[in-house]
Amino acid sequence: MREGIEFRHFPESTVAYHPDSGDILVLDASCGRILQAMADAGGVLGHDEIAARAGEYGLKDVDQVLLRLDELEFRDLLRMIGPA
Amino acid sequence: MSGSGLNLAVGPLVFSIRTSLVQLAEPLALLYAEHDLAEEGRICDFSVAVVRVAGRWSFPKNRVEFRLDGRRPFLPMPQLHALPLLEWGLNWCIATTMNCWLIIHAAVLAREGRGLILPGRPGAGKSTLTAVLASRGWRLLSDEHAIIDPRSGRLIAVPRPISLKNDSIRLIGAMFPDAVMSPPVADTHKGTIAHLKPSADSISMASEEVRPAWVVFPAFGPSVQTELSAIEKGEALARLAENSFNYGLHGSAGFRALADAVEACQVFELAYSSVTAAADLIDRLAG
């Protein structure tokens, strides 16, 4: 996973920035927190791993968030966090 | 101006302007009447010139060109377009070289030290709205560049004449009969252009601190309802980055500077068909 992703969390959204590529990704707040969790963990996390971290990252409805993640352009996420 | 040049202090920058074109003397004296000349010995940031081009077979005669430090960044233009050419050239100087700062394509005004950033794609109505707000007493920092010092987060003022196009010239002239404007120049590639002189306060207060307080994305439409809508800060951050000339050069520092600015601001989209109603909404924001 790429290192050095920076995050800025706003009440309703998260912006992720990758300094090497200059990519910016705007996510809703919950999805942004999942991406932060993945960045902190150093890799793509599965459903159970995210659920285990839900409290730490302020995620209330993990299933709903994962559904939203599926709806996102997945290539945007891959571009941001890199291959697993 | 045909000798050593006119050394004009504009905010923190000094432009040395040379030209032998007599027709530029009067509009420059009009539009920059409140600006100081740079003190003797002060280094000029930009040495620019607007000069006649010798007739060549590939260009019509009576053409002028803009030069920066002897370089020619643009194609020649008709001599009648000399003033717009100079102003576009000065814009280009700032946008392409002042990379110590984060520069966004936006107008910026201020009230009581609080900055209003108006990012805008061409046609959004940014300059007309800027002219109305400036004429209503908002301090003009720039009609073209929102300049952020990435170290301090302050907005930097480089107050210069506001460029108005086509119908906006007549509109501003009618709304503010005492406004000082250069004579319109027709048939430029952007239509008819005139420049509105900035207020004396905008010049004299240029060094006073301004911090971002509002980001408003104007969107003019002839039949839309005029309204101010809050937008998400993440979206605002992404749109500011898109509107930036040099965001990529600053890397993480640029991201953090923009994010800090957005975090400190109220952010809106302003759809409007009436510039008066739009300015009223913005005046109410400032309280």
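Chain naming here is simple, since letters A, B, ... match the order of the sequence lines and numbering starts at 1 in each.
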Practice item. I would like to know whether B/Leu258 and A/Tyr17 meet side-chain contact (heavy atoms from CB on, under 4.5 Å); could you show each step before the answer? Key: CA-CA 12 Å; B/Leu258 274 188; A/Tyr17 166 76; over 6 Å; no
**Study point:** Reported NE2-to-NZ distance for the pair A/His9 and B/Lys233, which is rounded to 0.5 angstrom
**Key:**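 It is 15.5 Å, given to the nearest 0.5 Å.
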Review point. Hey, what do you get for CD1 (A/Ile5) to OG (B/Ser252), rounding to the nearest 0.5 Å?
Key: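 Here the rounded value is 11.5 Å.
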Revision key, fill the gap. Okay, B/Ala241 and chain A: the region with an atom under 4.5 Å from a heavy atom over there is side chain
**Study point:** B/Glu235 portion near chain A, given a 4.5 angstrom heavy-atom threshold
**Key:**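 Just the backbone, heavy atoms under 4.5 Å.
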Practice item. Would you name the heavy atoms of B/Gly234 and A/Val26 that are closest together and state the gap between them? Key: O-CG2, 3.6 Å
Review point. Quick one: are A/Arg8 and B/Asp260 in side-chain contact, heavy atoms under 4.5 Å?
Key: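 Heavy-atom side-chain distance check passes, below 4.5 Å.
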